[in-house]
Amino acid sequence: EADVAQTAEDAVVVAPPAARREPRPVLFGVVPGEQRGEDAMDPPKTLTDDYFWLRDDSRKNETVLDHLRAENAYTQQQTRHLAAFRQQLYDELLSHVQEDDETVPFADESGYSYNSRTLKGASYRQYVRRRRNGEAEEVYLDVNAVAATLETPTMCDVGEVAPSPKTGELLAYTVDDTGYETYDIRVHATGDTNVRNKAPPEVIKGTAGSLAWSRDEKSLYYARHDAAHRPYQIWRHAVGSDSDDVLIYEDLDARYNVGVGSELDGTIIIVSESKDTAEAYFVDEEDSGDELRLVRAREEGVEYSVSSSGGKLYIVANNDGRKNRAIYVADKKTPADWRLVVPESSTRSIAGATAFKDFVAVSGRADGFPRVWLLSGDNDDEQPVPPPAALLGGSASYVVSVSAGNGRFDASALRLVYSAMTLPQAVVDYDVRAKTHAVLKVEPVPAYDASAYASQRVEVPSRDGETLIPMTLFWKKRSSDGDEEPPPLHAPVHLYGYGSYGISMDPYFSATRLPIVDRGILYAVAHVRGGGELGKHRWYESDGKYKKKRNTFLDFVDCAHHLRTELECGPISIEGRSAGGLLVGTAVNMAPELFGACVAGVPFVDLMVTMCDPSIPLTTEEWEEWGNPNTAEYFDYMLSYSPIDNVRANVRYPKLLIVSGLNDPRVAFWEPAKWAQVLRSRVDNPEDVLVKMDLDAGHFSAADRYRYLRELAFDFAWLLDFHGHAGTSESSSSSSSKEVDETAGATTPGG
């Protein structure tokens, strides 16, 4: 009887949820009472949005929530055959996690050495410290205890964790319990963190997340949001006082975000920046905590960042046409008087600087990869930091960054983090004078043998003939003899991309890719224009934004065509998150026949309706990324690629898994919800459009590390089911991959 019942259940066919249509005109251009930007069209143009009613800023409308629940129920029904496979994949993902682990300790001027750790079975980190004289270890913050006090323990995002830097006697940390990226700041005496049984002594509610301690540890600086969720104010809070907090900075220009932080020398830096212009202030130790000194007044199109070293400021800027950035130094007494110390180079771009007492670490990019240089000595002599040969051999395909674990201003060694597609993250100290490396830790990855995997960087000609598009390939080797081997022919492919804001998708290691490549699937990352891989100006500012934005999508499609023609690959699945969701959403419109499956995570797909409305978080500041559709200059161009506005009718589309979070402030949940409805109303296979809406999370999915892996296992089970691997294990993949590849090659891209 149970078998019969199960068969009857499996035979049930549930239609996809169909939201009611309520056509609503959406105006582009001048709207009375709204700031629609300069040169807004008058009279305005109009588009019709059939599903505008799905927008619910409160996230509490039961009609809307019922629709989202129906989407989740449909997705669960359509994927119920994968339940056991999801558990298998979760076990695989967890098998590559060192559940009991800890970070490398770092020291600051307080006399403590700090680090954090994870414990098997515990969802969140513990933050620990010990006196450098050898006293016993102290747990000064247990995030698991914080989570236990929340209504939704699986959504406990602790952002900043900031012990007071001079004495370590106080602790400030930020908590977001919804995923909406609005944080409460909690302030304790460091040993008073028993948050299970009592409220913390001080709480600053509803902040934007960034904070910084004053040098004397009497004040905290923090940021607040405006009504559109834009960080726009900096306040000073007197710790342990009943006095009102003091507003010390406010930026009313809706294009700008404001943040605050402290330098290694203790200087407080306040930055207000748009997508292409910046302005910075600092709090000098000789002034009161409410007095700011301006570094240099904002100049449209000029970006600069500041790092403090005693009486000097080091500035990275693109002023005077220096598109790849140059480095300047200024005296704090005359901060607007900049002296050039490192000129612009045509062969590398500079991203930022971190100043220490005796040297400055410079981050940037050269030859398509991140690199670090050092400035040291009285003449600001500049030298590249060589890679640690013991880790990387002679390979140039690696990622390096300045670690957040640089805690002392007077350090003699620079802490760096290295990785590569086959190399788990490695923490390395570089002795600046001796020019030697000390490898402190390589991230432990159980059940992983780096010699069994391979990676290669290839270049794909762009269709406009202007450039070569880098693409990184990662796969499990077909033989175990240790020799190098070329990428596999005829293999199925999973292609990932992003391509916006000048953000680079660098070739770093991620253990979460292993369940994909272990089944014979080639993992590819397309480094398309719009990212910053070949330099922020070249790859992004001049060729990957505004009216060059279509390059991003065409590059991605060209990379897929290259995989088909050069590697004769099998079915291609694709994935992108956030602006990467815009990328894959546009790609499936451009070439639906090329792709078989698409995972669109928190996808930014309702470009026109979102970008015309200044009340939606991020809109006005993003006019400097995509353009403003309220203007005649950008309306038609943006409309030409907006995913939701270009779904093709009567065409079979790739299978789509659309993943989102109800509390996402960056890409509102109603964008993917509306997109699913438009897709189903137009494509030939509406039943293949699935929505998975996390009703307890935001842009970055679950904060609980175990729940995060379960969410990932759901996505991977769906993805691997498309590739014909549902139910297969890692160990069986190598023997079955040839058979799967051959049959997959005969499968139509539509699945």
Does atom OH of Tyr708 have more than 12 heavy-atom neighbours, drawn from other residues, nucleotides or ligands, at distances under 6.0 Å? no
Determine whether more than 12 heavy atoms belonging to other residues, nucleotides or ligands lie under 6.0 Å from atom CG of Asp244. no
Between Arg131 and Glu138, is there a side-chain N and carboxylate O pair less than 4.0 Å apart? no
Salt bridge check, Arg666 against Asp664: does any charged N sit closer than 4.0 Å to a carboxylate O? no
Backbone N/O of Glu102 and side chain of Lys441: donor-acceptor pair under 3.5 Å: yes
If you draw a 6.0 Å radius around OH in Tyr508, do more than 12 non-hydrogen atoms from other residues or ligands fall strictly inside? no
How would you list, by chain and number, every residue that makes a side chain to side chain contact (heavy atoms under 4.5 Å, CB included) with Glu624, sequence neighbours excluded? Arg255, Ser274, Lys275, Asp276, Glu300, Tyr546
Test item: side-chain donor near acceptor, Asp253 and Tyr232, under 3.5 Å: no
Parallel under 30°, tilted from 30 to 60°, perpendicular over 60°: which one fits the rings of Tyr501 and Trp626? perpendicular
Do the rings of Tyr114 and Tyr112 sit parallel, tilted or perpendicular, given the 30° and 60° boundaries? tilted
By side chain to side chain donor-acceptor pair (under 3.5 Å) - contacts of Thr207 (at least two apart): none
Of the options Tyr314, Tyr328, Trp338, which is the one that meets Tyr304 in a ring-ring contact (aromatic ring centres under 6.0 Å, His included)? Trp338
Using only heavy-atom distances, determine whether the side chains of Gln233 and Arg224 contain a donor-acceptor pair under 3.5 Å. no
Sub-3.5 Å donor-acceptor pair from the side chain of Thr436 to the main-chain atoms of Asp431, do we have one? no
Quick one: side chain to side chain contact (heavy atoms under 4.5 Å, CB included) partners of Arg348, sequence neighbours excluded? Val342, Ser345, Ile350, Ala366, Trp373, Glu382
